[in-house]
Amino acid sequence: MKKIIYAVILMALTSCNQFKSNKTIADNAVCDSIMAESHQTSNDTIEPFQTQAEINEACYNEYVANEDSVENEFQKLLEAFPQYRKEFLKEKDAWEKYQEAVHEVSRCEDHGSSTPMYVSAVLSQGTQIRGVPQHYLYLHAQGKNIPYSKTIFTPKMIADAYSAYIMAVGKDEYIEQKTKYQESLRKEQKYWNELLECRKKTSQLLTDDIKKVYDIGTNQMLRTKLYQLKNQNQDLGMISGEVMKCALPEDCSDKALLDYPGFNIIWAKHCENLD
């Protein structure tokens with residue numbers, strides 16, 4: 001059994017840290033780089049000697065604050081681009097359905113007393129899917145830019161990663177409700193595809209720089225989702241140092257992300273070496 005240590009990997013939002021940044025960066029495609037600040041919970045969030053219940057509450061409060069920040073930014077986008085209000089609201093509706101499916105997935109694993117903390121982390125990942133692409137458009141409306149990767153991420157990469165995740169769940173001897181977990185992941189994938197299709201249709205209505213920035217945001221959203229899927233939600237909540245070593249780090253390069261075979265494969269190799 002893995003020794004549990006006091007380590008928190010709570011996936012917050014890309015935009016959460018970016019809201020606090022005053023940096024203006026040239027609009028250049030950058031090869032093989034994540035192009036984002038850390039999304040992990042700051043050390044200030046978890047105080048020493050807190051009970052698990054207090055930690056759970058702190059993580060939930062951070063999740064809610066992050067979600068509120070993203071919604072706040074969305075309302076500003078509606079003001080900046082009133083001509084696309086209808087399309088942006090459709091996308092929000094598509095994301096909300098996706099987030100409901102993410103919530104269902106989050107309830108498929110039992111982490112004991114730290115389960116609420118794990119659920120908040122999974123939900124934060126769902127909010128990140130909304131916040132990452134939105135933030136590019138938000139900065140564009142302010143005349144600002146942030147760097148982005150020139151690596152093209154595709155829906156097929158996401159589909160393959162979903163398949164690998166679903167297969168990994170089926171082979172995990174510690175998961176009791178495998179069928180329910182797999183069905184929940186397939187449901188999440190369905191709504192993910194609908195969200196992606198919604199963005200595709202919206203993109204077709206945009207022109208010039210707005211379309212360019214919007215499409216960059218979609219590509220970064222794909223990158224974010226691929227990262228989440230390849231880690232298979234195993235880097236979230238209260239985890240061991242051994243798990244941290246096997247999980248893909250947030251600041252990984254595009255190449256590292258594309259080459260990473262999936263958490264279950266790396267974990268199996270790690271366990272073999274322990275024998």
Side-chain angles (χ1 to χ4, degrees), residues 9-19 21 25-40 66 70 73 91 94-95 98-99 101-102 105 121-140 145-165 185 188-189 191-200 202-203 211-236 247-263 265-266:
I9 307 296
L10 176 61
M11 302 296 292
L13 308 175
T14 299
S15 50
C16 179
N17 286 329
Q18 289 171 340
F19 287 151
S21 174
I25 310 175
D27 182 16
N28 295 319
V30 182
C31 180
D32 202 25
S33 180
I34 189 171
M35 295 298 107
E37 300 176 26
S38 173
H39 317 148
Q40 296 180 2
N66 287 331
V70 172
E73 188 177 76
E91 182 180 335
W95 171 80
Y98 165 77
Q99 184 73 337
V102 169
V105 169
V122 177
L123 288 173
S124 289
Q125 284 195 151
T127 308
Q128 189 180 23
I129 291 301
R130 181 189 184 196
V132 166
Q134 176 179 286
H135 196 62
Y136 280 87
L137 206 55
Y138 175 74
L139 289 181
H140 176 71
N145 300 284
I146 52 178
Y148 58 93
S149 172
K150 72 177 184 181
T151 303
I152 302 301
F153 297 92
T154 67
K156 185 179 184 305
M157 293 177 186
I158 304 300
D160 290 345
Y162 261 118
S163 295
Y165 188 179
L185 282 171
E188 181 194 287
Q189 184 178 11
Y191 287 113
W192 160 265
N193 289 335
E194 289 184 5
L195 175 60
L196 205 57
E197 181 63 22
C198 182
R199 285 189 66 87
K200 180 180 178 181
T202 297
S203 175
K211 176 178 174 57
K212 177 184 176 183
V213 173
Y214 189 85
D215 290 344
I216 287 171
T218 298
N219 190 57
Q220 295 299 119
M221 182 181 79
L222 284 162
R223 187 197 193 285
T224 302
K225 184 59 182 176
L226 184 63
Y227 168 82
Q228 294 174 358
L229 285 172
K230 286 200 169 189
N231 268 337
Q232 300 167 356
N233 288 352
Q234 295 303 306
D235 60 331
L236 307 177
L248 193 64
E250 280 194 282
D251 60 353
C252 67
S253 67
D254 288 349
K255 185 178 186 306
L257 173 57
L258 295 176
D259 290 345
Y260 187 73
F263 179 86
I265 295 176
I266 300 300

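- Side-chain atoms of Asp160 and Met157, non-hydrogen and from C-beta on, never get closer than 4.5 Å to each other.
- The two residues Thr151 and Asn219 come nearest to each other via the heavy atoms O-ND2, 2.9 Å.
- Closest non-hydrogen pair, Lys230 versus Asp259, comes out as NZ-N, 4.5 Å.
- In this structure, Thr218 and Ser203 have side chains that are not in contact, with every pair of non-hydrogen atoms separated by 4.5 Å or more.
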Evaluate Tyr162 against Glu188 for side chain to side chain contact (heavy atoms under 4.5 Å, CB included), listing each step before the verdict.
CA-CA 10 Å; Tyr162 261 118; Glu188 181 194 287; 2.5 Å; yes
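- Between Ala161 and Leu229, the shortest heavy-atom distance links the atoms CB-CB, 3.7 Å.
- Gln228 contributes a side-chain N or O that, together with a main-chain N or O of Gln125, makes up a donor-acceptor pair within less than 3.5 Å.
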Please step through side chain to side chain contact (heavy atoms under 4.5 Å, CB included) for the pair Tyr191 and Val102, ending with a clear verdict.
CA-CA 9 Å; Tyr191 287 113; Val102 169; over 6 Å; no
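- For the pair Tyr227 and Glu250, the minimum side-chain heavy-atom distance is below 4.5 Å.
- Proximity of Lys225 to Ile129: side-chain heavy atoms (C-beta onward) are separated by under 4.5 Å at one or more points.
- Side-chain contact check for Pro133 versus Gln220: every heavy-atom pair is 4.5 Å or farther apart.
- To the nearest 0.5 Å, atoms OG1 (Thr202) and OH (Tyr214) are separated by 4.0 Å.
- Side-chain contact between Arg199 and Trp95 is absent, with no heavy-atom pair separated by less than 4.5 Å.
- Here the SG-CZ distance, from Cys252 to Arg223, works out to 5.0 Å after rounding to the nearest 0.5 Å.
- With hydrogens and angles disregarded, a donor-acceptor distance shorter than 3.5 Å links the side chain of Gln134 to the backbone of Val70.
- Tyr136 is not listed as a side-chain neighbour of Lys212, based on a closest heavy-atom distance of 4.5 Å or more.
- Considering all non-hydrogen atoms of both residues, Phe263 and Gln232 come closest at CB-OE1, 3.7 Å.
- One finds the CG atom of Asn145 at 7.5 Å from the CG atom of Leu139 (value rounded to the nearest 0.5 Å).
- The backbone N or O of Leu123 lies less than 3.5 Å from a partner atom in the side chain of Gln99, making a donor-acceptor pair.
- Closest heavy-atom contact between Leu236 and Ala121: CB-CB, 3.8 Å.
- Heavy atoms of other residues, nucleotides or ligands lying less than 6.0 angstrom from NZ of Lys200 number 12 at most.
- Put simply, the side chain of Thr154 does not reach to within 4.5 Å of the side chain of Leu222, judged on heavy atoms.
- Minimum heavy-atom separation, Leu196 to Pro155: CD2-CG, 3.8 Å.
- For the side-chain hydrogen bond (donor to acceptor under 3.5 Å, both in side chains) test, no residue two or more places apart in sequence or in another chain qualifies with Glu197.
- Note: Lys150 NZ to Ile216 CD1 = 13.5 Å, rounded to the nearest 0.5 Å.
- Every residue was checked against the ring pair (Phe, Tyr, Trp, His ring centres under 6.0 Å) condition with Phe153, not counting sequence neighbours, and none meets it.
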